[in-house]
*Asks:* 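Questions regarding the structure given below will be posed in turn.
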Amino acid sequence: MPCLLALVLVAAPVASPPARTTPLRLMGLDRLYFTAGGGAETVDAPPPVMELLPRSLGGPRVAPSPDETGAFQAAATDFRVPLPSWPRPVLLRQVVAFPEARINELWIALYDGGRRSDVWHFTALPSETDNKLLPNYWIEDVEAGPAGTLALRLHGRMARPQGAWWAAGRVVTLRAGDGALTVAHVRNAFGFIQGYDLGDDSRPPTLAASAEREVEGRFERRDLDPVPAEVLETCGTPEGLEGWDEMERLATCLTRAPGAKTSTRSPQEPSFAERGGKPPEPPKDD
């Protein structure tokens, strides 16, 4: 009898883990001044945007209808999320809306197995960002990161009259766990600020540059403001540059020049671009 019981136990099939039926969530983008813009059932957005964020994907792509004035335009782009441990394909759909104003609007929606989950909305209006001057964002790409994380790269740019503009690249690290992709920390890979052209040849507009990298578990930030002309001659200028890699390479080169200031922070300490973040403390000279 004991032998028979042993045979039965050995032959017993191994139970399969229960299938994940709960939709994957996207959480924590409020850290970057995004606001909740809907979920599986509803989306809070203008009709041209809602047409690009259906509950389920798989049908023909819909061209958004213009608003009543014909001025509101929107465009959608999909990004596959590399998440091999999840039982269904996951993607992020971004919709960038271009109203008449120079401030764009961005919606990011998570689709799990083709069905919409969380929707987030961002606009760089100072009234919604603690009066911080932030850029228009768009997704550059989504890549697999270390230790099962994901790197969501947000590119941004804003232009103002008289030639002033600023650009930024932010690496948003997402951790997968407990049925959600959650923001873990944000690294400000590069930043540029071009000053106003005051029409005074003796005071040409200045350029400031910053770059941030991870060093021994902390984020090291380097700032050079203003960038001297001789450094621009050596490294180049951001004029005409659009790609992430080119912008990050240039910011790194500029901020390695003598005179750059250095500061560090913990990844969990919010930077200026994040909710609760403040300008860096007075940095030390090299």
Side-chain angles (χ1 to χ4, degrees), residues 22-81 83 88-142 150 152-159 167-170 172 174 179-183 186 273-275:
T22 304
L24 187 68
R25 303 291 307 277
L26 178 60
M27 304 176 67
L29 281 176
D30 51 326
R31 179 166 174 167
L32 276 162
Y33 291 100
F34 282 73
T35 57
E41 299 300 323
T42 61
V43 174
D44 183 13
V49 173
M50 294 177 63
E51 292 175 6
L52 292 173
L53 295 175
R55 290 187 181 182
S56 299
L57 300 178
R61 290 291 291 268
V62 178
S65 304
D67 64 0
E68 295 180 358
T69 67
F72 194 100
Q73 302 179 35
T77 308
D78 291 340
F79 297 87
R80 186 182 66 85
V81 177
L83 205 61
R88 296 177 293 276
V90 178
L91 66 81
L92 290 176
R93 171 169 289 187
Q94 76 165 359
V95 175
V96 181
F98 308 93
E100 290 184 298
R102 57 184 174 80
I103 296 179
N104 299 337
E105 294 188 68
L106 170 66
W107 283 264
I108 296 178
L110 179 70
Y111 281 85
D112 176 5
R115 297 188 66 83
R116 190 182 67 217
S117 179
D118 291 290
V119 181
W120 292 88
H121 171 251
F122 175 82
T123 180
L125 288 171
S127 60
E128 298 187 17
T129 60
D130 292 339
N131 290 319
K132 297 176 182 178
L133 298 179
L134 300 180
N136 296 315
Y137 286 136
W138 66 90
I139 297 176
E140 182 81 8
D141 56 37
V142 184
L150 296 170
L152 170 64
R153 299 204 297 182
L154 288 180
H155 207 150
R157 188 178 179 93
M158 179 72 76
R170 316 204 193 279
V172 183
L174 302 172
L181 300 176
T182 305
V183 173
V186 180
E274 301 170 65
R275 194 179 299 277

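Here the structure is a predicted model, which is why all the values come from computation and not from measurement.
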*Asks:* Would you find more than 12 non-hydrogen atoms of other residues, nucleotides or ligands less than 6.0 Å from Arg115 atom CZ?
*Replies:* no
*Asks:* With side-chain contact (heavy atoms from CB on, under 4.5 Å) as the test, pick out the partner of Arg93 among Thr77, Leu57, Ile108.
*Replies:*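 With Arg93 as partner, side-chain contact (heavy atoms from CB on, under 4.5 Å) holds for just one option, Leu57.
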*Asks:* Taking all non-hydrogen atoms of both residues, which atom of Ala124 and which atom of Ile103 are closest, and how far apart?
*Replies:*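 For Ala124 and Ile103, the tightest heavy-atom pair comes out as N-CG2, 3.8 Å.
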*Asks:* Here's a test for you: under side-chain contact (heavy atoms from CB on, under 4.5 Å), which of Val119, Leu52, Val95 qualifies with Val43?
*Replies:* Val119
*Asks:* Kindly compute the distance separating CZ (Arg153) from CG (Asp141), expressed to the nearest 0.5 Å.
*Replies:* 4.0 Å
*Asks:* Checking side-chain contact (heavy atoms from CB on, under 4.5 Å) against Val183, which of Asp30, Leu32, Leu29, Leu152 comes through?
*Replies:* Leu29
*Asks:* Are Glu41 and Arg116 close enough for a salt bridge, meaning some N to O gap below 4.0 Å?
*Replies:*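 No salt bridge links Glu41 with Arg116.
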*Asks:* Would you mind reporting whether Thr182 and Leu174 have side-chain heavy atoms less than 4.5 Å apart?
*Replies:*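 No, their side chains stay 4.5 Å or more apart.
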*Asks:* Can any side-chain N or O of Lys132 pair as donor or acceptor with the backbone N or O of Arg275 at less than 3.5 Å?
*Replies:* no
*Asks:* Return the minimal non-hydrogen interatomic distance between Pro23 and Asp112, and the atom names on each side.
*Replies:* CA-OD2, 3.4 Å
*Asks:* Grab the two heavy atoms, one from Ile139 and one from Phe79, that are nearest each other, plus how far apart they are.
*Replies:*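 Smallest interatomic distance, heavy atoms only, reads O-CZ, 3.4 Å.
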*Asks:* Are the side chain of Ser117 and the backbone of Leu110 linked by a donor-acceptor contact shorter than 3.5 Å?
*Replies:*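 Not confirmed, Ser117 side chain does not pair with Leu110 backbone.
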*Asks:* Measuring from Phe34:CZ to Thr123:OG1, what's the distance to the nearest 0.5 Å?
*Replies:*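 The OG1 atom of Thr123 is 10.5 Å from CZ of Phe34, to the nearest 0.5 Å.
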*Asks:* Per the side-chain contact (heavy atoms from CB on, under 4.5 Å) rule, which among Leu150, Leu26, Val81 passes with Val90?
*Replies:*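 Among the candidates, only Val81 passes.
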*Asks:* Roughly how far, to the nearest 0.5 Å, is the CG atom of Leu134 from the CE atom of Met158?
*Replies:* 8.0 Å
*Asks:* Which heavy atom of Pro135 sits nearest to which heavy atom of Phe122, and what is that distance?
*Replies:*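 That closest heavy-atom pairing would be O-CE2, 3.5 Å.
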*Asks:* How long is the straight-line distance from OH of Tyr111 back to CZ of Arg55, given to the nearest 0.5 Å?
*Replies:*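 The OH atom of Tyr111 is 11.0 Å from CZ of Arg55, to the nearest 0.5 Å.
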*Asks:* Search all heavy atoms of Ala180 against all heavy atoms of Leu24 and return the closest pair with its distance.
*Replies:* N-CD1, 3.7 Å
*Asks:* Under 3.5 Å, is there a donor-acceptor pair between the side chain of Asn136 and the main chain of Ala159?
*Replies:* no
*Asks:* May I ask you to decide if the ring planes of Trp107 and His121 are parallel, tilted or perpendicular, using 30° and 60° as cut-offs?
*Replies:*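 Answer is tilted, since the angle falls between 30° and 60°.
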*Asks:* For Asp44, I'd like to know if atom CG has over 12 heavy atoms of other residues, nucleotides or ligands within 6.0 Å.
*Replies:*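 Check fails, neighbour count at 12 or below.
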*Asks:* How long is the straight-line distance from CG of Leu53 back to OG1 of Thr42, given to the nearest 0.5 Å?
*Replies:*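 If we round to the nearest 0.5 Å, Thr42:OG1 and Leu53:CG are 11.5 Å apart.
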